[in-house]
Amino acid sequence: MIARVIARGRSRLERREATAAWLFLAPALIALAAVAFWPLARTLYFSFTDATFDDPSNYGFIGWRNFTDIAGDKLWWLALRNTLTFTVISVALETCLGLGIALLLNQTIPGRGAIRAAILIPWAIPVVVSAKVWEWMLHDQFGIINNALINLGLIEQGIAWTANPSLVMGVVIFIDVWITTPFMVLLILAGLQLIPEEVQEAAIVDGVPWWKRFWSITLPLLRPAIGVAVLFRVLDAMRMFDLSYVLAGNSQRTMTISIYARNQLVAFQEIGLGSAASTWVFFAVAMAAILIIGTLRLDRATSR
Amino acid sequence: MTEAIANTRTTRKPSRYRWRRRARKTGMVAAGLLVLFYTLFPYYWAIVSSFRSGSQLFSSNLLPTIDFTHYRALLADPVFTRAILNSLIVAGSTTLISLVLATAAAYALGRLNFLGKRAVLLTILVVSIFPQIAVMPGMFELVRWLGLYNRIGSLILAYLIFTVPFTVWVLTSFVREFPRELEEAAIMDGCSHWRILTRILLPLMGPALASTGLLAFILAWNEFLFALTFILSDENRTVPVAIGLISGSSRYEYPFGPIMAASVIVTLPLLVLVLIFQRRIVSGLTAGAIKG
């Protein structure tokens, strides 16, 4: 009898708690519905229409034609190839560099705190500013980098880093590595600090050489942290817009899928076509997410 | 004789060991300096260049000279000062709105038990990976319908798409870490959840709110794509776009001096705050990711 009363009381408390929880969540969820899910749904809807900006309320349905039009556009495939090249190379470089710096910061060296603070700077300044600062440093005539290279006798005359079409993608990747390596360092460092010291100490006592300790202890234990960091960075790189846009505008050498979609929408004023391109971007990013999360899951399942 | 050999043995071994340790240490310090140079030099060079005008700008002298020409010109330029004001309003409002929404949501997600919590967390995580461009056509329509096109209100609205998931995620991980004992007595006394949140947790959340708010503010302050697309006229521009659009008065003039000065003006105050809140920012940035 008493047990039943208590049970009933508890279930009422639980119900009250659940109601309170949804009330507390409601404002944030409504906001997300309004600024994320509704616009996304409208984008999907518009991609089946021939809407334009001249008269956005007057449009007709044209089925899959926008999607096939985009798929038939050579520029779209070029933009996709650029985006994938950029993503794979810059994330790979950031991971290696980030891992190296994180390992260094995990040691007790003088000035560790200063480096840890300094590393936040590239992360905290706007991409536009980073792009402009590097553009200035890489300037063909007055840039400090060409100047240094000439003084060192490595080159005869200044290299037009950002104007040379075959170099500009490399420059974009180089700057992106500078901007986002701090994020990698912080995530990998947090992962490193989760590894119990005893494991390393036991291996040191047993006389295991450092490279072997790194390869068979540190790296496997870091895998979850690196996996999450890579996931975040890949999804971020796949939607990159500002760095390419500020450095090279609409140059085909660095055009990403986001720039391509924005051009359809803003430059050509085509809502339907732009929406279809945006939807393709969404699917490309979603595919990347599913692939990486799947790999991480598989990884976790087999290592256990 | 044997004694001498034994002696050299015992002395040589530690000294070799010490030498190796010293070499290792020197190598690490050198690597540390290299990292410091790599991360700091570009920003240092931006500051140095911002204080040089005329032909001085093209000098490769690494030591700074002081010349306020660009700063004076920029602060007298109504477009630039207006851009700073716009950015302050946009980033400030977005941050404030997100913090209010996220504090309530984080209390529910970090403290209360209910069916569907995992689904909500997953939904919020999914929104944070939405490419901005994918919601842009729909957002365009929404912004026009609300009459916000070419007004900074459009940005306050649009930026919620990344500040809300981010602040909810980070604040939830902060709220989870507070000891449970805090509100147990209050629950026993029959306190409402609203009172527990506002009277017990909120007073303790000051530092968490400050660091999360700073991160959200930086995200909004730095945003470029929406700001470029939803704002047409110069007087409504935000800082990143204004810097992106600075150009010389002729094709042959290099506007890098003013650009560097503008970059320093809009980043230095934030960098000082970032350095002050350094530890909390790092834990805010990593907490969500590692636990998620």
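Each chain gets a letter, A, B and so on, in the order the sequences are listed, and its residues count up from 1. In what follows, every heavy atom counts, from backbone to side chain, and hydrogens, waters and symmetry copies are set aside.
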A/Arg116 versus chain B, the contacting section by heavy-atom distance below 4.5 Å:
both

With a 6.0 Å cut-off on ring centres, are A/Phe53 and B/Phe140 close enough?
yes

Chain A contact via B/Ala31 - which portion, at a heavy-atom distance below 4.5 Å:
both

Any side-chain heavy-atom pair from B/Phe114 and A/Glu14 closer than 4.5 angstrom?
no

Tell me, for B/Leu271 versus chain A, whether the close heavy atoms (under 4.5 Å) come from the side chain, the backbone, both or neither.
side chain

Does the side chain of B/Pro42 reach to within under 4.5 Å of the side chain of A/Met137, using non-hydrogen atoms?
yes

So which of A/Pro27, A/Ala117, A/Gly111 has the largest heavy-atom pair count under 4.5 angstrom toward chain B?
A/Ala117

Please answer whether the main-chain N or O of B/Tyr38 pairs with a side-chain N or O of A/Trp178 as donor and acceptor at a distance below 3.5 Å.
yes

Quick check on A/Leu32 against chain B: is it the side chain, the backbone, both or neither that has a heavy atom closer than 4.5 Å?
side chain

Chain A shares the most heavy-atom pairs under 4.5 Å, among B/Thr123, B/Thr167, B/Thr229, B/Ile124, with B/Thr229

B/Ile129, part contacting chain A, at a heavy-atom distance under 4.5 Å
both

Under a 4.5 Å heavy-atom cutoff, which of A/Ala21, A/Ala20, A/Ala34 has the most pairs with chain B?
A/Ala21

Measure the spacing between CZ of A/Phe142 and CZ of B/Phe256 and express it to the nearest 0.5 Å.
11.0 Å

Which of the residues B/Ala108, B/Ala104, B/Ser128 is involved in the greatest number of heavy-atom pairs with chain A at under 4.5 angstrom?
B/Ala104

Counting heavy-atom pairs under 4.5 Å with chain B, which one of A/Ile125, A/Val281, A/Ile30 comes out on top?
A/Ile125

For chain B, which residues of residues 37-47 of chain A have heavy atoms nearer than 4.5 angstrom:
A/Phe37, A/Trp38, A/Pro39, A/Leu40, A/Arg42, A/Thr43, A/Phe46

Between the side chain of A/Ser275 and the main-chain N/O of B/Pro137, is any donor-acceptor distance below 3.5 Å?
no

Segment of A/Val234 engaging chain B (4.5 angstrom heavy-atom cut-off):
neither

Between CD1 on residue B/Ile259 and CD on residue A/Glu135, distance to nearest 0.5 Å:
7.0 Å

Do you know which two heavy atoms are closest between A/Ala36 and B/Val135, and how far apart they sit?
O-CG1, 3.8 Å

Counting only non-hydrogen atoms closer than 4.5 Å, does A/Leu231 touch chain B with its backbone (N, CA, C, O), its side chain (CB onward), both, or neither?
neither

Tell me, out of B/Pro240, B/Ala46, B/Ser98, B/Ala262, who's got the most heavy-atom pairs with chain A below 4.5 Å.
B/Pro240

What part of A/Ile101 is in contact with chain B, defined as an atom under 4.5 angstrom from a non-hydrogen atom: side chain, backbone, both or neither?
side chain

Residue selection (most heavy-atom pairs with chain B, distance under 4.5 Å) from A/Phe282, A/Trp136, A/Tyr245:
A/Trp136

Looking only at heavy atoms, which two atoms of B/Gln278 and A/Leu120 are closest? And how far apart?
CG-CD1, 3.6 Å

Does any backbone or side-chain atom of A/Val266 lie under 4.5 Å from a heavy atom of chain B? Answer side chain, backbone, both or neither.
side chain

Is B/Lys117 close to chain A through its backbone or its side chain, or both, or neither, when contacts mean heavy atoms under 4.5 Å?
neither

Which portion of A/Ala289 sits near chain B, non-hydrogen atoms under 4.5 angstrom
side chain

Quick check: do B/Thr267 and A/Ile121 have side-chain heavy atoms less than 4.5 Å from each other?
no

Is the count of non-hydrogen atoms from other residues, nucleotides or ligands lying under 6.0 Å from A/Phe283 atom CZ greater than 12?
no

Is there side-chain contact between B/Arg24 and A/Gln107, with heavy atoms separated by less than 4.5 Å?
yes

Can you tell which part of A/Leu23 gets under 4.5 Å to a heavy atom of chain B, answering side chain, backbone, both or neither?
neither

Given a strict heavy-atom distance threshold of 4.5 Å, which part of B/Val120 is in contact with chain A: side chain, backbone, both, or neither?
side chain

Does any backbone or side-chain atom of B/Tyr107 lie under 4.5 Å from a heavy atom of chain A? Answer side chain, backbone, both or neither.
side chain

Nearest 0.5 angstrom please: A/Asp242 CG to B/Glu223 CD, how far?
8.0 Å

Please classify the contact between B/Leu142 and chain A as side chain, backbone, both or neither, with a heavy-atom cut-off of under 4.5 Å.
side chain

Side chain from CB out, backbone as N, CA, C, O: work out which of these in B/Met260 comes under 4.5 Å of a heavy atom of chain A, or both, or neither.
side chain

Could you measure the distance from the CD1 atom of A/Ile109 to the OG1 atom of B/Thr26? Nearest 0.5 Å is fine.
12.0 Å

Bottom line for A/Asn147: the part with an atom under 4.5 Å from chain B's heavy atoms is side chain

Is there a side-chain contact between A/Ile144 and B/Trp45, using heavy atoms and a 4.5 Å cut-off?
yes

Contacting moiety of A/Leu104, where chain B heavy atoms sit under 4.5 Å:
side chain

May I ask you to name which of B/Ile133, B/Leu109, B/Leu36, B/Leu275 has the most heavy-atom pairs under 4.5 Å with chain A?
B/Ile133

Determine the minimum heavy-atom distance between B/Leu115 and A/Trp22, stating which atoms define it.
O-CZ2, 3.5 Å

As an exercise, state the distance from CD of B/Gln132 to OG of A/Ser278, rounded to the nearest 0.5 Å.
11.5 Å

Heavy-atom distance under 4.5 Å to chain B: side chain of A/Pro122, backbone, both or neither?
side chain

Chain B: which of A/Leu235, A/Ile271, A/Ile115 shares the most heavy-atom pairs with it under 4.5 Å?
A/Ile115

Closest contact, heavy atoms only, A/Pro126 versus B/Asn222
CG-OD1, 3.2 Å

Under 4.5 Å to a heavy atom of chain A? For B/Leu225 that would be both

Once rounded to the nearest 0.5 Å, what's the spacing between atom CZ of A/Arg16 and atom OG of B/Ser192?
8.0 Å

Where do B/Pro131 and A/Arg239 come nearest, in terms of heavy atoms and distance?
CA-CD, 3.7 Å

Heavy-atom proximity to chain A below 4.5 Å, by part of B/Leu197:
side chain

Chain A heavy atoms under 4.5 Å from B/Arg144: which part of the residue, side chain, backbone, both or neither?
side chain

Interface moiety of B/Ile161 toward chain A, non-hydrogen atoms closer than 4.5 Å
both

Does the side chain of B/Leu112 reach to within under 4.5 Å of the side chain of A/Phe24, using non-hydrogen atoms?
yes

At a 4.5 Å cut-off on heavy atoms, which part of B/Leu228 comes close to chain A: side chain, backbone, both, or neither?
both

A/Glu17 side chain to B/Asn113 backbone, donor-acceptor under 3.5 Å
yes

Considering only heavy atoms, which portion of A/Val128 lies under 4.5 Å from any heavy atom of chain B: side chain, backbone, both, or neither?
side chain

